[in-house]
Amino acid sequence: MPPRLRSPNFPCAATSSPSIRSQPTAHRSRASREFSQTTCQHATLRRRRFYDWLNGHGSLLKEPLPGSTNYLGAYDRYGNLVRAPPGWTRKTQEEEVKVEEPKTDEAEAEPDKETPEGQEAVDELEMAVRREEEKNKDTRKQKDDDKLPPETAEDLRPFPLNKHFRSQPVLSEELREAIYRRVARDGASVSLASVEFGVSNERVGAVVRLKQIEKEWIAQGKKLALPYAKAVLAMVPTTPYIDPSLPSNKGKRPITHEAINDLIVHPATRQQLFVPVSESRQFTRVDAGKAFDNDLLPADDRIPHPELVQAERDIASGLSLQQRRQLAEERMEQELERKKQIELKRQEALKRVKTVSGRRWDFVFEDVSVESVGRDGRSAKGVGWRYGFPHEDRKKGQVKIPTKVEA
Amino acid sequence: MRKKPRFHSLKKLKVRQDWSRWTLYNLFKLSPPNLSARTYFQQKWTAKSDTRAYHGEQIREKQWKRLFRRTLPAVVPMDHKYLARYDGSEQAAGRGAGADSQEKARMPPMTPYMQMTYFPIERRLDTAVFRALFASSVRQARQFVCHGLVKVNGKKIIYPGYMLNPGDVFQVEPDSVMTATGAQKTRSAAARRKAREKGQAHAESIKGVGPIKIPSIKVPLLADSATGTTSTPKAATPLSTETEPAPEELKRHLQSLMTDVEAVLAEEVKAKNKQKLRDFRQTVRKAISLWKRSTPGEVSTLESQLSFLKSHITKSATSSSAPSDANPQLSRDEEAKLQNAFDRLKEQAEYDANWNKRDPSKPYLTPWRPRDYMSAFAFIPRYLEVNQNICAAVYLRHPVARPGLAEVPTPFSYETGQLAFNWYLRRR
């Protein structure tokens, strides 16, 4: 493990915990049978060291730290919690009386500082989450000397050697419930809820689906895994929900859970390109996209929330609120019309096939053409058994694992 | 035949995908690769063998080689405000690399592509079940799948190598999840003896002096939190006084009761720890046991305890003609507080009784608690959305790299990832 710097006023968490000698392993005197093939029964040096570590440093990781995460990266080489204030002592499950609440009074930094490439800084987003958390807890103003400050990015590393991975916060139970209510009850669209809660589109959909299953379970009287859920959500960092209806949360913005405008790196843009253009030419993102690939759209259209860019452009062009709203509504209508067309097409395609439901499987009758086998009669699109073309599904190496499961 | 090497060896430290103490120790012991005095082939070989011992150790090398892709997925988080304000031509201004500016532009952090070598493995069903914290190791997750405990989109899938598609929901049986992630039952005689000793020590620490042994060994902390239990040590204490207690004593006890009420109410609604509630219960029992002919056993349920306290306190307040400061009186708001505290207590007790009660028929230790060392491994990557209540998760998208972060959870350093990637690049 790479050495982690300790805070100047380092506590002695490891020394305060009872230092335990290595576990007494069976010390059998060596038998006279030198020819024996059985392994040595002595506690080897390695095993002794292992148990020493396990009873010292390792014992700190055995139980979860109440009100905080407890990863290997949060400790230094000697088993001291790096972020702990000087007077802090770890409490065991029995004697721990109050929930650990971190406190510091930093001012909240604005997370949306512009980076040169117009990217969002993910670290800033996550730090904002933690700052908000600590602010919430700070309002209670409980005076206690043994409190843990919030985790830094380093403290959230389960693998100390990997600097590019950290445990990222998950949605808290209240936030999930709020997202579900917004979408299922209030009827907000997924993209709207995504912007409101700062949660990506796919995640909003997933939360709603899972919540739906959960409600069904509750209605059926199935037993939920509540103790498990409680324990897991106490162990991982979570994004809290800021209820805007509460008077104490007035003027607070919701905490952004993740970056919602992720642009997928297109394979065509992986190569470096030198395109000579005249100096007078305005070479924009659209041109850059064309230079890489003829069909490549600019980033403005490929991000999950292009409507945000449009709205921002309307603001920049100096339109009044009325006009902007009208424009937004027009765009919304267009989008709805497009979706309706797609749905209509799907319905028509469904009408063309006849489905007869069987006991286990549905029989689907659809029109096929003899021509689908292709010129040489060997195309995979061909239907039915063809003379001279044996089925390959009993051949060696044919994988039978399904590639998709219909929802 | 050659002996099969140990899965967790202390001689050859291999990090495995599980939550064992050996893995934790190996994670602690893991060091960056030795890049000097070794040939490039040796470096690559070591990196490959180390990373493969962690990533997809259960699948054959040939299978993994077929899965390997040299193109690694990545995303760039964009700022919509920037996109609206600029059309991108400012980056081509000047001589083609942007106009000169006074302040140094802040560069975004490097995108760690090389930590994404094993991203196709994260798509496998068994690995996803493990990453969603539903199993304590990949091998266990694989067993869950093979035994038909996992459903994908509502259909039973028995293939651990099923490649999840974005949007797939997978569900695991909650009981299996709780068995996999919960503490194990203590079965051996030594373990039972140890648990008993621990329970005794705890009981003594609570009471100060407590010679009475608690019969329930496995869950000494929570045995008394279920409603209606009367086998607590307090219940067994003989009632020494059969007379009406002195008003001073009553007042003292009432004061202690009220401080406990305060403490209970100051607690968060979640009440992560049960110590306060337990203390409160103790003081209530103590206060009740002061009155004659009323053992706590008689007023075992919470409602009867509350009504008993209320009635006796008001009665003693009205009947006694002693000076008022010595009288234990309950004002209106104090009564409301007491009511609140009792409600909280009831809530907790109901939760314990309904959801986390002692049940010897379960294959895991009840009341359920997470297994040892789980917290050190508990993280949920962003490409999964998990609902722990129903033990279901959605595979949102494939894991990606983004500036400064790689979503594939790998314990190795960047150099190791690079070397392993290079190992699999050859012949391609």
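Basis for what follows: all heavy atoms, side chains included, without hydrogens, waters or symmetry-related copies. Chain A is the first sequence line, chain B the second, and so forth, proteins listed ahead of strands; every chain is numbered from 1.
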What part of [X] gets within 4.5 angstrom of chain A, counting heavy atoms only: side chain, backbone, both, or neither?
{"X": "B/Y113", "result": "side chain"}
{"X": "B/N165", "result": "side chain"}
{"X": "B/M374", "result": "both"}
{"X": "B/L72", "result": "backbone"}
{"X": "B/S413", "result": "both"}
{"X": "B/V408", "result": "backbone"}
{"X": "B/L384", "result": "backbone"}
{"X": "B/A401", "result": "neither"}

Assess, by modelled atom type and distance only, whether the side chains of [X] and [Y] contain a donor and an acceptor separated by less than 3.5 Å.
{"X": "B/N153", "Y": "A/E406", "result": "no"}
{"X": "A/N70", "Y": "A/Y75", "result": "yes"}
{"X": "B/T410", "Y": "B/Q115", "result": "no"}

For A/H266, which residues count as a ring pair (Phe, Tyr, Trp, His ring centres under 6.0 Å) partner, sequence neighbours excluded?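 Testing A/H266 for ring pair (Phe, Tyr, Trp, His ring centres under 6.0 Å), a comparison that skips the adjacent residues, returns none.
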
Which residues share a ring pair (Phe, Tyr, Trp, His ring centres under 6.0 Å) with B/Y54, sequence neighbours left out: none

Toward chain B, the part of A/I303 with a non-hydrogen atom under 4.5 Å: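 Contact with chain B: side chain only.
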
